[in-house]
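We count ligands from 1, going down the list as the structure has it; atoms in each ligand are counted the same way. Just so you know, these numbers use all the heavy atoms, side chains as well, and skip hydrogens, waters and symmetry mates. Here the structure is a predicted model, which means the values were calculated and not measured.
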Amino acid sequence: MIGIFDSGIGGLTTVRALMDTMPGYDIIYYGDTARTPYGTKSRQTVIGYALENTEFLLQKGAKIIVIACNTASSHAVDEIKKRYDVPIFEVITPAVHAAIKASKTGKIGVIGTRATISSRIYEQKIMELKPDAKVYSEPCPLLVSLVEEGWTKRPETTMIVKKYLQPLKTKQIDTLILGCTHYPLLKDTISKKIGGQTAIIDSGSAVSGAISSFLSENRELAESLPQNGKIDFYVSDVTEQFEKTAGAIVKKQIKLICVKK
Ligand code: DGL
């Protein structure tokens with residue numbers, strides 16, 4: 001099984017992308033809804049949560065781990081790789097590759113949680129591959145909670161998105177990385193506010209290409225993974241809102257299994 005985790009609902013954008021690009025593979029998802037958001041927590045706390053989530057997925061039979069959360073990817077990927085000897089995917093590197101490919105002017109914007117933006121991981125990775133790039137980053141701390149709350153179409157959310165994107169608009173970026181897997185759920189609003197000509201890179205989806213290439217190069221592992229199209233959804237707290245929004249993202253009715261930590 002492919003094990004995927006996020007602090008909440010955002011990682012379902014990765015689940016959806018995997019369902020589209022590699023249909024059939026069994027998936028086990030864990031949304032840490034009781035402890036969301038991660039983006040306002042300290043590095044040590046996020047590392048602790050990420051290790052627990054990985055352990056949970058491995059115990060449930062995952063053979064590959066996908067950290068479908070930029071915050072956990074930026075803080076915890078090295079620790080997870082140190083402790084577990086299974087393929088681990090994070091969402092940042094694939095998004096960086098996609099952004100560099102998409103950008104013509106090299107002016108790239110990044111939005112994410114406070115934790116992701118202050119880690120400066122996107123700048124570092126972009127500059128390693130394209131030293132002449134100009135990277136402009138903005139933390140958008142309120143957006144995760146608005147998405148978890150299901151407020152994706154509210155006028156208040158549109159106003160907040162506009163305010164967050166204003167500094168990036170003045171920099172005339174031609175590519176914007178959604179450096180948080182919750183943000184694709186606000187993609188239409190973000191695209192409208194930043195301007196339709198700006199390429200939008202979705203970190204949650206970009207990772208599906210990396211997983212798919214990895215599995216075509218590692219046939220033995222790929223063939224050992226069950227492919228019955230089964231998806232198990234685990235959460236650390238059930239809320240009515242999560243159930244509704246989650247079903248809409250993966251476009252099927254889902255049954256949440258709550259596990260208390
Ligand atoms: N989806 C997570 C991310 O990509 C949200 C983090 C949070 O819970 O604040 O960063």
> In terms of ring plane angle, is the pair Tyr234 and Phe56 parallel, tilted or perpendicular, where the classes change at 30° and 60°?
Replying inline: perpendicular

>> For ligand 1, which is the ligand I care about here, please tell me if Gly39 has any N or O atom under 3.5 Å from one of the ligand's N or O atoms.
In response: yes

> Any N or O on Asp6 sitting closer than 3.5 Å to an N or O of ligand 1?
Replying inline: yes

> Mind checking whether Met159 and Tyr164 sit in one hydrophobic cluster, side chains of I, L, V, M, F, W, Y counted as touching below 4.5 Å?
Replying inline: no

> With a 4.0 Å cut-off, would you call Arg35 and Glu52 a salt bridge?
Replying inline: yes

>> Checking contacts here: is it the side chain or the backbone of Asn70 that comes within 4.0 Å of ligand 1, counting heavy atoms only? Could be both or neither.
In response: both

> At a 4.0 Å threshold, what atoms of ligand 1 neighbour a non-hydrogen atom of Cys180?
Replying inline: 1 (N), 2 (C), 3 (C), 4 (O), 5 (C), 10 (O)

> Hey, quick one: are Phe233 and Ile65 part of the same hydrophobic cluster, counting side-chain heavy atoms closer than 4.5 Å, chains of contacts allowed?
Replying inline: no

> Do the non-hydrogen side-chain atoms of Thr14 and Leu12 ever get within less than 4.5 Å of each other?
Replying inline: no

> Within a radius of less than 6.0 Å around CZ of Arg114, do more than 12 heavy atoms belonging to other residues, nucleotides or ligands occur?
Replying inline: no

> Heavy atom under 4.0 Å from ligand 1: found in Thr71's side chain, backbone, both, or neither?
Replying inline: both

> At under 4.0 Å between heavy atoms, which part of Ser7 makes contact with ligand 1: side chain, backbone, both or neither?
Replying inline: side chain

> Do Thr113 and ligand 1 have an N or O pair less than 3.5 Å apart?
Replying inline: no

> With backbone taken as N, CA, C and O and side chain as the heavy atoms from C-beta onward, which portion of Thr181 lies under 4.0 Å from ligand 1: side chain, backbone, both, or neither?
Replying inline: both

